[in-house]
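Below, each value reflects all heavy atoms present in this structure, side chains not excepted, and no hydrogens, waters or symmetry copies.
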Amino acid sequence: MKLPIKTRPLFRQAWPILLSNCSIPLLGLVDTAVLGHLPDGRFLAAVALGAVVFSFLYWGFGFLRMGTTGLVAQAFGRQDSAAMGRLIMQALYLALALGLALQLLRPAIPFMLRWLDGSPEASELATGYVAIRLWSAPAVLMQYVVLGVALGIARSQVVLVLLVLANTINILLDLSFVMGLGMTSNGVALASLIAEWVAALVGLYWLVKTCRELNIPLQRPPLNFKATQTLIKVNADLFVRTLALLFALAFFTRQGATQGDTTLAANAVLMQLIMLTSYMLDGFAQAVEGQFGAAFARSKKEALEVFNAGVVLSVATGLLLTLLLWLGGYQLIKFLTDLAEVRALAAIYLPWLWLVVPVSIACYLLDGVFVGATWTAAMCTSLLVSLAGYLLAWWLLQGFNNHGLWAAFLIFNALRGLSLGWVLYIRMKQNPYIEKLRSHKK
């Protein structure tokens, strides 16, 4: 079988992202190990509570990375240096403004942590942890822009370098502050703060240097809404979509919790395995974003070739991951938990992963396609429609308890892929290049 001609260059862009994504869980493991050896478990609980807050905040603002990738990739494909420079500066200004605006949330920190229902002692420690780490918000959001530019111009190695740099500094400072200086959760927060700012500054240095090499003019954008309307529109669509996705995941966790602590824990273990597979599949999706966006700006025929390459790599990886979960899923469950009742219950629901992972291949890949093409309104609509289907499926299947919840989650991911696939088919069907390809095959 002859592979699509874009398969090899797409894989070259994807492998650094795959490695960087695989390193994401490492930092959480180190934080847990460092604090887990302290005599008081409140410090570990405090970081766990604070991490939930930052997961919500930073994931919620992930649109800055995706929106920047699509718009920059298309300008890069058109070889429009002026537009690239304008987009980059607009995105950086927006990231800096949002990062500073997040400082206004400081008075609300105790209320956010109270909603998470931690103990008073852990919540008090978590308040200090969040207060320190919140100063890193401008750095994190500007990093999103840098990573978006890197993917947009097909420099995915930068993603790996910055993430490894941040994680290495963070881990070393974790050990120094907690094990060496006797600090606790505040030391972990300080380590994250320093690491995120160092990575941001290194990323900004790379960005300025690369723009000079590519003759991309970085000029202060005009301060008016119309000048940044496209960027704001794209990011607004992605923001709403992200909130809807966060709600879907939170709803899954909440419904599992209503069935008891053991079910909640079993679902959490299985969801960790799903997240690990999503990191792998997201590597190809993120590589497709930049490649598809640049190709889409030049020729929809070339964009279709990128898509075909993404299909081959994503399907092969997704099926391999499914096989690994089928052969070794229970061993992974045993690695993640020592609790016999949680292991036993997770094993009962493990077969759902054998369905969820392959079904999810389409929605991950198509997310990358739609980000690259900046069809963000369609992405948002697709997610909202899929969310409605998810909630309806859960309502109809709730009598089956946790099996019904997993079935609803499977339907949610299937609807995401089907709805995005239908929109892609309609838009490509109207494309004269596709019609020529069809007539040539006939």
Side-chain angles (χ1 to χ4, degrees), residues 6-21 62-95 141-165 199-219 221 228 230-231 234-235 238 282-300 302-303 305-307 309-310 313 367-376:
K6 297 290 183 178
T7 302
R8 187 170 295 178
L10 184 64
F11 183 78
R12 282 200 300 267
Q13 288 302 312
W15 74 260
I17 306 172
L18 292 173
L19 288 180
S20 61
N21 284 351
F63 62 80
L64 282 168
R65 205 276 307 155
M66 292 186 287
T68 302
T69 296
L71 292 170
V72 168
Q74 291 186 29
F76 185 63
R78 297 192 305 269
Q79 297 184 343
D80 189 344
S81 298
M84 288 178 65
R86 184 171 62 251
L87 286 166
I88 291 169
M89 291 304 295
Q90 287 171 350
L92 285 173
Y93 270 73
L94 181 60
L141 299 189
M142 286 191 292
Q143 275 189 75
Y144 286 169
V145 174
V146 172
L147 297 178
V149 174
L151 292 173
I153 63 173
R155 303 286 180 90
S156 60
Q157 295 86 347
V158 176
V159 178
L160 178 60
V161 170
L162 290 181
L163 194 59
V164 169
L165 174 67
L201 293 173
V202 172
L204 290 171
Y205 172 79
W206 169 84
L207 182 60
V208 172
K209 182 172 178 291
T210 302
C211 287
R212 286 176 179 169
E213 291 173 356
L214 298 177
N215 294 319
I216 299 172
L218 295 177
Q219 299 177 354
T228 59
T230 301
L231 182 66
V234 167
N235 286 332
L238 291 171
D282 253 353
F284 295 114
Q286 290 174 25
V288 165
E289 290 174 16
Q291 295 277 325
F292 188 91
F296 186 75
R298 294 189 294 265
S299 156
K300 290 184 180 179
E302 187 178 344
E305 293 172 350
V306 173
F307 172 70
L313 293 173
D367 277 348
V369 168
F370 277 62
V371 167
T374 59
W375 294 336
T376 51

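The distance from atom CD of Gln291 to atom CD of Glu302, rounded to the nearest 0.5 Å, is 9.0 Å. To the nearest 0.5 Å, atoms CE (Met66) and CG (Leu147) are separated by 12.5 Å. The distance from atom CD of Gln157 to atom CG of Leu162, rounded to the nearest 0.5 Å, is 11.5 Å. Between the CG atom in Leu71 and the CD atom in Gln90 there is a gap of 9.0 Å [rounded to 0.5 Å]. Between the CE atom of Met84 and the CG atom of Asn215 there is a distance of 11.0 Å, given to the nearest 0.5 Å.
Between the side chain of Thr69 and the backbone N or O of Gly148, at least one donor-acceptor pair lies under 3.5 Å. Checked by atom type and distance alone, the side chain of Asp282 never pairs as donor or acceptor with a backbone atom of Ala285 at under 3.5 Å. Under a 3.5 Å cut-off, the side chain of Gln74 and the backbone N or O of Ala373 do form a donor-acceptor pair.
Put simply, the side chain of Phe370 does not reach to within 4.5 Å of the side chain of Glu289, judged on heavy atoms. Two residues are said to be in side-chain contact when any heavy atoms from C-beta on lie closer than 4.5 Å; Thr68 and Leu87 fail this criterion. Side-chain contact between Ile88 and Leu92 is present, with at least one heavy-atom pair separated by less than 4.5 Å. Residues Val158 and Arg155 have side chains in contact (heavy-atom distance under 4.5 Å, counting atoms from C-beta outward). Side-chain contact between Asp367 and Val288 is absent, with no heavy atoms from C-beta onward closer than 4.5 Å. By the 4.5 Å heavy-atom criterion applied to side chains, Thr376 and Val371 are not counted as neighbours. Within the 4.5 Å cutoff, the side chain of Ile153 has heavy atoms near those of the Thr210 side chain. Side-chain atoms of Leu151 and Arg65, non-hydrogen and from C-beta on, do get closer than 4.5 Å to each other.
A 6.0 Å sphere centred on CZ of Arg212 holds no more than 12 heavy atoms belonging to other residues, nucleotides or ligands.
Contact detail for Val306 and Ala295: the closest heavy-atom pair is CG2-CB, 4.0 Å. A pairwise comparison of heavy atoms in Gly67 and Val234 identifies CA-CG1, 3.8 Å as the closest pair. Shortest non-hydrogen contact noted between Ile216 and Ser81 is CG2-O, 3.6 Å. Contact detail for Ala83 and Ala75: the closest heavy-atom pair is CB-CB, 4.2 Å. Closest heavy-atom contact between Ala199 and Leu165: CA-CD2, 4.2 Å. Nearest heavy-atom pair across Pro217 and Ala82 is CG-CA, 4.1 Å.
With sequence neighbours excluded, no residue forms a side-chain hydrogen bond (donor to acceptor under 3.5 Å, both in side chains) with Gln143. The ring-ring contact (aromatic ring centres under 6.0 Å, His included) check on Phe296 picks up Phe292, Trp375, with sequence neighbours excluded.
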